[in-house]
Amino acid sequence: MDLTHSPADEEFRGQARAWLDAHVPRTPLPSLETEEGFAAHRAWEAELAADRWSVVSWPERYGGRDAGLLRWLVFEEEYWAAGAPGRVGQNGIGLLAPTLFAYGTEEQRARVLPPMATGEVVWAQAWSEPEAGSDLAALGSRAVRTDGGWRLRGHKTWSSRAAFADRAFGLFRSDPETERPHQGLTYLMFDLRAPGVTVRPIGRLDGRPAFAELFLDDVFVPDEDVIGEPGQGWRIAMSTTADERGLTLRSPGRFLASAARLRHLWRAQGSPGHARDRVADALIAARAYQLFTYAAASRVLDGARLGPESSMNKVFWSELDLALHETALDLLGAEGERADGAWAEGYVFSLAGPIYAGTNEIQRDIVAERLLGLPKGRR
Amino acid sequence: MDLTHSPADEEFRGQARAWLDAHVPRTPLPSLETEEGFAAHRAWEAELAADRWSVVSWPERYGGRDAGLLRWLVFEEEYWAAGAPGRVGQNGIGLLAPTLFAYGTEEQRARVLPPMATGEVVWAQAWSEPEAGSDLAALGSRAVRTDGGWRLRGHKTWSSRAAFADRAFGLFRSDPETERPHQGLTYLMFDLRAPGVTVRPIGRLDGRPAFAELFLDDVFVPDEDVIGEPGQGWRIAMSTTADERGLTLRSPGRFLASAARLRHLWRAQGSPGHARDRVADALIAARAYQLFTYAAASRVLDGARLGPESSMNKVFWSELDLALHETALDLLGAEGERADGAWAEGYVFSLAGPIYAGTNEIQRDIVAERLLGLPKGRR
Amino acid sequence: MRFLLDSGQRAFADALHAMLTAADTPAVIRSWSRGDHARGRALWSRIAEAGVFGLAVPEEYGGAGPHPVELAVAFVELGRHAVPGPLAETVGAAVLLGDPPLAERFLPALASGERPATVAAPGGYALDGDAVSLCLSPAPEGLYLSTVTPGPVRRSLDPARRLARSAPGGELLAREAPYDRALTWIRLATAAQALGVGLALLDRTVTHVRRRTQFGVPIGSFQAVKHRLADAKTALEFARPLLFGAATTLRPAEVAAAKLTACEAAYRTARTALHLHGAIGYTAEYDLSLWLTKARALRSAWGAPEECRDLVLTDGLQETDGQPEADAW
Amino acid sequence: MRFLLDSGQRAFADALHAMLTAADTPAVIRSWSRGDHARGRALWSRIAEAGVFGLAVPEEYGGAGPHPVELAVAFVELGRHAVPGPLAETVGAAVLLGDPPLAERFLPALASGERPATVAAPGGYALDGDAVSLCLSPAPEGLYLSTVTPGPVRRSLDPARRLARSAPGGELLAREAPYDRALTWIRLATAAQALGVGLALLDRTVTHVRRRTQFGVPIGSFQAVKHRLADAKTALEFARPLLFGAATTLRPAEVAAAKLTACEAAYRTARTALHLHGAIGYTAEYDLSLWLTKARALRSAWGAPEECRDLVLTDGLQETDGQPEADAW
């Protein structure tokens with residue numbers, strides 16, 4: 001049991017902190033979910049990338065610093081503690097990039113990753129369809145074989161970032177004749193401005209277009225944009241979403257910073273007794289999440305793979321995030337109703353936590369069945 | 001909307017209060033779940049009965065005061081506010097008596113009810129069996145036809161009060177050949193000291209024998225102790241347990257008194273901020289339960305029957321009771337660990353609330369299916 | 001003792017419900033949110049015609065009141081349809097202006113719906129101050145008739161609630177005004193509105209989970225879904241008697257308890273509704289959002305949970321609040 | 001940075017688990033509860049032989065410590081088997097008596113298991129004071145070696161915890177004693193014990209719901225049952241890193257956070273275990289009760305939730321507790 005970072009990692013922390021101190025905007029950027037804010041966040045990605053801080057865990061040749069898992073956690077702690085902006089490149093960096101590292105070709109990596117690192121190309125995800133939410137295997141959008149590539153037809157929805165993003169990745173049914181619905185799906189990338197793509201932004205609760213519907217009418221995708229083998233998309237995507245639920249979706253640094261801000265807010269309001277327990281519990285939960293992650297990272301470094309324990313992770317952080325923001329709004333009293341504060345924006349964002357990346361009900365089923373060995377019931 | 005009691009009911013309240021003021025023991029009786037305490041509580045029933053306060057809602061000829069539903073609620077408010085002892089006759093008064101009023105013969109009522117009212121005969125319930133808890137239709141204990149009566153064989157458990165009680169009532173399978181498990185059950189009464197009955201007391205969490213196992217080896221029950229038609233036991237019992245879940249199982253007066261005591265304890269401890277919300281919420285919930293009950297009583301007086309809404313009732317009071325006692329133990333700090341205080345005894349009792357009389361899961365299923373019309377899933 | 005709505009009160013609720021259903025409130029709410037108040041004002045007139053505001057106004061000033069129980073009945077329906085505008089505030093204004101000579105000057109137009117009113121919360125916002133000409137500001141010196149500060153209104157998490165600021169000063173209408181009594185009425189109306197919001201959210205969610213299929217079955221057949229909805233139902237059905245009890249007694253602590261409980265139940269139901277709708281519930285374009293966001297906003301309006309609990313602990317909920325013997329426990 | 005138990009620590013846990021499984025702790029607990037301490041003392045010796053108490057005692061006094069991480073490992077196992085006796089208190093005594101000359105006089109017998117010890121909580125009880133000859137009472141004047149007040153011990157909700165009172169005064173062992181440090185160690189041991197109690201409750205309940213059939217299926221296939229157990233599992237698995245983090249840093253606020261969180265998780269698991277066992281779980285004769293009641297008792301022992309939260313809010317959990325800019329939010 002050793003919670004001390006190596007001197008080299010501490011030196012890295014110092015470099016990150018110094019850079020962030022010098023560069024993090026003094027006033028918050030406009031909301032990421034507005035056209036203006038999207039552009040400002042894209043510029044911030046470029047600023048990060050210019051000094052190789054945008055994708056620290058990637059190999060140097062793609063713009064990273066070859067940072068290992070622990071160093072990445074250190075970076076994230078510093079990043080969020082510094083109050084730095086949300087990451088507009090998150091979908092690509094957190095979901096597509098790990099898939100490319102695992103299943104992509106060298107050509108794909110060399111072509112796709114560098115502009116992702118600089119924010120030049122921002123990626124949206126295109127998983128869900130109107131009839132396939134939690135039940136992702138029910139996907140119906142088609143990829144039909146054609147000369148040198150595929151033609152996409154169908155309807156995707158809840159495509160986060162797609163209102164302003166450049167490209168998207170997702171699963172399409174390339175073989176409709178398979179025995180099981182998980183088979184015959186292909187993982188591919190496409191251009192959101194290609195002929196045949198219609199993007200209809202959807203406003204979330206506060207009206208901001210945080211996601212979009214995608215109507216795909218005979219959209220051509222060249223073979224070079226298929227990831228892995230055609231028909232193997234489900235397996236490839238599952239390894240990505242396992243990452244999504246696991247370590248890399250929500251770094252502990254984020255909640256440590258939010259909990260510290262909550263305590264600050266509480267003190268600024270005169271430390272009211274009614275929120276005392278909830279503020280303490282947020283601080284404790286953020287610390288627990290940090291330590292849980294360090295334990296998981298240590299196991300990964302020992303060669304273990306993260307399995308269904310990621311489902312506990314997902315339930316824990318999404319409930320922490322919501323509780324933390326609800327407490328903040330309560331502390332703000334009548335002002336908590338205002339839509340234009342940072343806490344309100346964080347609150348609206350946190351409301352989605354228990355829903356996306358696998359609802360918390362699905363996660364609890366996984367914990368019960370795969371970690372506790374309870375019988376698979378009809379859900 | 002009128003929350004004022006009639007002058008006659010208020011006069012009744014005054015009489016009840018005056019009597020209770022003069023008679024309620026100044027120091028609490030020993031625990032009902034001990035031999036000594038059981039005897040003391042039985043004596044208290046006799047004292048109540050001597051002035052016709054033990055069964056106020058029964059007809060006068062059986063020892064009651066013909067009090068209507070509202071007057072009964074008034075009595076209960078006064079009873080619990082006065083800090084009067086728990087009711088050792090509860091099983092008989094609350095469960096068996098309503099069944100006899102609905103399905104018994106005049107001979108049965110005249111024979112059974114008066115000694116029940118005085119505490120001379122205390123009744124235990126004999127529903128559950130080891131393999132039939134929530135799934136009561138799985139009952140296997142048999143009643144076999146014989147000359148002039150029935151012979152009981154089987155094994156009952158969780159028979160509350162049976163450690164010290166005199167007689168018991170329950171369901172037995174009189175026809176094992178029926179198509180559905182709910183059919184072929186007979187409702188009958190038997191003597192706990194009859195030949196063939198073995199009572200094995202079971203200690204609850206604090207070691208006190210609050211219930212018992214009953215081993216029935218060829219126990220004779222005369223025909224006069226069958227309630228309703230043989231084979232109709234399920235229907236008869238369900239109407240009783242609907243009452244059990246509904247108005248008469250837990251009167252609001254009980255929680256109003258407990259919540260007032262909790263506030264008293266909180267103030268005595270210096271009104272600590274950490275329990276403030278929970279004390280306020282207990283006071284509010286007790287009031288909500290009182291008003292909910294008055295609304296239900298008003299509907300009953302209008303001729304309505306209480307249906308599945310009783311399931312909301314059960315969930316609500318059992319959670320309130322537990323929250324209230326957990327808060328009290330927290331307020332007692334390290335002293336909350338002691339097993340010998342009134343709060344501790346109430347806490348142990350409250351722990352059973354979500355389990356018995358239909359677990360809260362079963363109740364929620366009923367609310368969802370019968371009040372909200374959701375599809376019956378596999379539970 | 002008869003703690004039930006009578007047939008007249010039930011008929012009043014049904015009539016309002018029918019009228020509001022026909023009025024297509026989601027469209028009204030959306031234009032109100034954009035600052036276009038025409039349809040909202042038209043609906044306001046119809047609500048006034050139905051006698052809703054008159055329930056807080058005495059007969060001699062053009063009303064039929066005070067009738068707090070009927071007012072609660074009406075506001076449950078207004079909440080159920082998420083009607084926009086300073087509804088509870090107009091009720092509060094009727095109480096603040098309830099004594100002559102102000103009553104003669106203001107109440108008739110208020111009861112008839114001609115003049116919606118708002119009340120600036122002390123130190124806070126004047127809800128929809130940009131939509132009304134009658135903005136009251138209670139202050140230590142007395143009750144002011146204020147103007148609204150020019151400039152854009154603040155956005156609320158509930159887009160239909162437009163947060164304006166009243167300018168300091170204005171015409172001093174009275175040196176003393178019954179602010180505490182007005183607050184009690186505003187809270188009662190808010191509690192009723194919240195209960196209605198919660199009931200609508202529950203209804204819509206039940207409908208959704210019966211239709212929406214995943215894994216080959218309606219999601220409403222999953223026990224986890226059923227139990228969340230059963231809990232929402234139970235919370236709302238226990239808030240209801242607190243509301244009508246508070247309307248019957250009008251005791252400030254009872255009203256505070258009803259406000260707290262109805263708002264909590266509505267907010268919990270909103271969380272459940274959002275969760276069980278999944279992503280679609282999270283969008284502004286789906287009508288559910290109109291109720292979801294209102295549930296959050298009402299929770300902190302006119303008395304946050306903490307304030308309501310304080311009143312309960314200080315004043316108690318029962319007139320005959322029997323104090324048990326301490327030594328028996 | 002390597003936040004994992006090493007193979008030696010895991011083997012230590014496994015060895016203790018095997019020894020305690022063979023020891024049939026339920027029978028030991030039941031005789032201890034009756035005031036018959038013989039079997040408990042024998043088990044105590046074996047625990048000492050395994051080196052558990054020595055983890056809190058320096059080498060020069062017959063121990064191998066201080067080793068807080070290994071101590072936490074051991075106490076998880078002691079909790080998992082619901083071992084009775086003043087376990088955490090003996091650890092606390094080792095810290096209170098840690099400086100010479102007291103250390104020479106007392107620690108060897110304490111490490112060897114010859115002399116179990118208890119510590120009277122200031123103003124509270126001396127756990128199992130009737131079973132030990134070494135009862136320490138920290139007081140404002142210093143540290144006393146006390147005797148236990150004659151008379152029956154008080155019953156705890158956990159029948160295996162016997163609540164005695166120390167008599168005032170006794171031999172003044174030292175004018176100053178490291179009470180705060182001792183409290184930190186007692187809390188750490190209590191947190192570990194609670195986590196073990198919770199893990200055992202979860203295991204037993206999972207086994208039960210896989211076997212118990214109602215409505216024709218194992219009750220463990222009902223989603224409501226599965227989700228309650230999933231929540232218990234999650235709560236326990238997030239308490240675990242807090243415990244080992246606290247053992248690593250020994251910072252009082254971290255230890256308080258671990259104590260609070262492990263005890264809450266164990267208590268919630270106890271509530272779930274009781275509920276899912278139904279009536280059988282509610283009986284004293286079924287062994288589950290030995291863990292259920294301990295979960296409740298540990299919750300208020302050596303620092304109620306409120307006290308632990310105070311420490312977290314006052315001292316903070318991170319050495320580098322970065323205070324963000326207020327104006328950015």
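Within every chain, numbering begins at 1; the chains are lettered A, B, ... in the order of the sequence lines, protein sequences first and strands thereafter. Keep in mind that the numbers below use all heavy atoms, side chains included, and drop hydrogens, waters and symmetry copies.
The minimum heavy-atom distance linking D/A230 with A/A368 is given by the pair CB-N, 4.3 Å. Across all non-hydrogen atoms, the minimal contact from A/R263 to D/G316 is NH1-CA, 4.0 Å. Closest non-hydrogen pair, D/P241 versus A/A288, comes out as CG-O, 4.1 Å.
Contact annotation for D/V206: both backbone and side-chain heavy atoms come within less than 4.5 Å of a heavy atom of chain A. Interface remark: A/Q290 contributes side-chain atoms only to the contact with chain D (heavy atom separation under 4.5 Å). Interface remark: A/L265 contributes no atoms to any contact with chain D (heavy atom separation under 4.5 Å). For A/L372, the parts lying near chain D are the backbone and the side chain together; criterion is any non-hydrogen pair under 4.5 Å. Contact of D/D231 with chain A is made through the side chain alone, with heavy-atom distances under 4.5 Å.
Counting heavy-atom pairs under 4.5 Å between each of A/G373, A/A268, A/S6 and chain D puts A/G373 at the top. Top candidate by heavy-atom pairs under 4.5 Å with chain D, chosen from A/A328, A/A280, A/P375, is A/P375.
Between atom NE2 of residue D/H227 and atom CG of residue A/L374 there is a gap of 10.5 Å, rounded to the nearest 0.5 Å. Going from atom CD of D/E237 over to atom CG of A/N313 covers 12.0 Å, rounded to the nearest 0.5 Å. With rounding to the nearest 0.5 Å, the separation of OG1 in A/T293 from CZ in D/F3 is 10.5 Å. Annotation: the span from D/K226 atom NZ to A/E369 atom CD amounts to 3.5 Å, rounded to 0.5 Å.
Results of the side-chain contact (heavy atoms from CB on, under 4.5 Å) test with A/M1 over D/T249, D/D6, D/L5 single out D/L5 as the only residue that passes. Of the candidates A/D2, A/L301, A/T4, A/L3, D/M1 forms a side-chain contact (heavy atoms from CB on, under 4.5 Å) with just one, namely A/L3.
Counting heavy atoms from C-beta outward, D/R240 and A/L291 have side chains that stay 4.5 Å or more apart. The shortest side-chain heavy-atom distance between A/V279 and D/R309 does not fall under the 4.5 Å cut-off. With contacts defined as side-chain heavy-atom distances shorter than 4.5 Å, the pair D/L4/A/Y294 does not qualify. Residues A/D277 and D/E306 have side chains in contact (heavy-atom distance under 4.5 Å, counting atoms from C-beta outward).
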